[in-house]
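Heavy-atom basis, side chains included; hydrogens, waters and symmetry copies ignored.
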Amino acid sequence: MAMPDKNGSTIGYVARNFLLCLFIFTTLLFALSCYFVLRSTAHNRFLTSTFQSKSFPHNDPTKKDDCRCVNDEDKKKTTTTGPLKVYMYDMDPEFHFGLLNWKPEEGGKKWPDVHKYIPPYPGGLNLQHSIEYWLTLDLLASEYPNGPRAIAAKRIYNSTEADVIFVPFFSSLSYNRFSKVNPHQKTSRNKDLQGKLVAFLTAQEEWKRSGGRDHVVLAHHPNSMLDARNKLFPAMFILSDFGRYPPTVANVEKDVIAPYKHVIRTYENDTSGFDSRPILLYFQGAIYRKDGGFVRQELFYLLQDEKDVHFSFGSVRNGGINKASQGMHSSKFCLNIAGDTPSSNRLFDAIASHCVPVIISDDIELPFEDVIDYSEFSVFVRTADALKENFLVNLIRGITKEEWTRMWNRLKEVENFYEFHFPSRADDAVQMIWQAIARKVPGVKVRIHKSRRYSGSVSDTGKESRWLSLIPRSFW
């Protein structure tokens, strides 16, 4: 019985030694592998570093060149050390100033000489969607050597050097003035112009080169470009909101939200204060609206009996703009409620009046919100909360004089960002829109480069069908 035990012990001893040797061998092998991998990686890093320094000998990160960059001293603003380079199509005046009854002299240029004459823009509510007019004027003025000193965009004539391609179609004006079909017409002038626009753009080499992705198309009025928007959707749209657009056509990633031009008077030399503004909460405008605007009607019933709240119907007729100016200048807070679409000009009327905006619009997108914090001068209320009995009025009454004064002071600091001028001024609405476009340029370039990945293996027809497949059929 002793022999089997001795043999078993010997076998166990040999097995343990074998496992120990195997462990030591694998450990050494792993260590050597790590050594060679790390050595190889370090070598590559050295080569890469050397290659970069030789390839870019003039790359000095402290040197200021002609580029758009973030100002480290103020993270809330984006400044440019060089203007946005914009190529503008020389389109027939019927698309732009011809809509204002301007006609070039016989054999003359397609653009007015803005140093001598500026075609006037119609007033009233037409003005609120007039950004196309101001941006085009600004580009024309940028060509003159004695033009405004501080410019955010400059017109250039070589499209291959441009950051963006500007399409000078006054689409909002076209909708406002020419969307009705006259008795002798089969279609409206507005619809005809959109058809011509699509045919013109898609035939241009600039459009074919980028698929339209670097084109800037103005469609600020929610009903403008109804017939063309789904055919031009790769372009960057300048809009007031996304209320009537499917996300495949317009979205915050590729497009720019621009402010309305306010129609009430700017409150100049404002020395008012909390105690000298007797109206707590102000709203005057259309009460019965479609879509998300139902909240106006509900709020009217909730607030109509509050003594220090002004909530009434109003329009531009019979001195309505003057009455609204007086009312907003006398109010602490001004309601900005969703209407037919999420946005409303009342926000910008409130800013110009230094009346703290109370924004009730769950789907609203705000201009320049990547560089401006609206919570510093506005009050946001969810629609569901606003419709609770006494919620809104109790919330507003609970804001202290000190809190209101802080927001009122901030309104006076930011109001210039929403003022339209010609010539444009530093950081006014015109230049802020150009800067917002400039911040989209890197994303535009990424989309263009990605679109070329398989350009050699997909036919033009195939590319077009791929784009068209993104559009819901119900939007054609």
Side-chain angles (χ1 to χ4, degrees), residues 74 76-77 128 259-285 296 299-300 302-314 319-337 344-361 364 366-369 371-381 385-386 390-421 425-429 432:
D74 187 356
K76 293 185 178 180
K77 282 192 177 182
Q128 60 184 343
Y260 292 65
K261 186 184 187 305
H262 66 81
V263 295
I264 62 96
R265 294 194 315 270
T266 301
Y267 199 162
E268 298 178 349
N269 303 315
D270 180 8
T271 58
S272 67
F274 186 84
D275 297 322
S276 61
R277 290 180 175 238
I279 301 173
L280 174 69
L281 190 59
Y282 185 90
F283 177 88
Q284 183 164 308
R296 294 187 183 184
L299 283 174
F300 171 72
L302 287 172
L303 300 174
Q304 61 181 338
D305 295 328
E306 299 290 339
K307 294 182 180 179
D308 52 356
V309 173
H310 176 94
F311 200 118
S312 69
F313 175 82
I321 292 178
N322 286 332
K323 292 177 183 177
S325 296
Q326 295 171 7
M328 298 179 92
H329 291 182
S330 302
S331 301
K332 297 178 179 69
F333 298 91
C334 289
L335 280 167
N336 178 70
I337 315 170
S344 166
N345 194 32
R346 284 170 188 79
L347 170 61
F348 309 100
D349 285 343
I351 292 172
S353 303
H354 310 151
C355 178
V356 175
V358 179
I359 300 174
I360 306 174
S361 181
I364 194 169
L366 297 167
F368 325 131
E369 198 168 10
V371 294
I372 295 176
D373 184 355
Y374 281 77
S375 67
E376 295 177 347
F377 55 86
S378 304
V379 178
F380 290 84
V381 184
D385 291 333
N390 296 324
F391 180 92
L392 182 61
V393 71
N394 288 340
L395 174 69
I396 300 304
R397 293 192 198 282
I399 296 175
T400 66
K401 179 179 179 178
E402 290 72 22
E403 290 174 307
W404 181 89
T405 302
R406 175 182 55 78
M407 290 188 283
W408 175 72
N409 283 323
R410 184 61 177 147
L411 280 170
K412 293 191 290 183
E413 293 173 357
V414 303
E415 65 175 325
N416 181 63
F417 300 149
Y418 308 96
E419 294 287 347
F420 289 81
H421 300 107
R425 303 175 188 174
D427 292 334
D428 71 352
M432 289 290 284

Check whether [X] reaches the backbone of [Y] with its side chain - one donor and one acceptor, N or O, closer than 3.5 Å.
{"X": "Arg346", "Y": "Gln284", "value": "yes"}
{"X": "Asn394", "Y": "Asn390", "value": "yes"}
{"X": "Asn416", "Y": "Asp427", "value": "yes"}
{"X": "His329", "Y": "Arg265", "value": "yes"}
{"X": "Trp404", "Y": "Lys332", "value": "yes"}
{"X": "Ser330", "Y": "Gln326", "value": "yes"}
{"X": "Glu403", "Y": "Thr400", "value": "yes"}

Q | Salt-bridge criterion met for Asp270 and Arg277 (N-O under 4.0 Å) | A | yes

Q.
So that I can tick it off, tell me whether Arg397 and Asp308 are bridged by a salt bridge, with the cut-off set at under 4.0 angstrom between side-chain N and carboxylate O.
A. yes

Q. Angle class for the His354/Trp408 ring planes (parallel below 30°, perpendicular above 60°, tilted otherwise)?
A. perpendicular

**Q.** From CD (Gln128) to OH (Tyr260), nearest 0.5 Å
**A.** 6.5 Å

**Q.** Spatial distance of atom CD1 (Ile360) from atom CG (Leu299) [nearest 0.5 Å]
**A.** 5.0 Å

Q | Sub-4.5 Å side-chain heavy-atom contact between Phe311 and Leu335 | A | yes

Q | Side chain proximity check, Leu347 to Ile359, heavy atoms < 4.5 angstrom | A | yes

Q) If you take all heavy atoms of Tyr282 and Gly327, which pair is closest and at what distance? A) CE1-CA, 3.5 Å

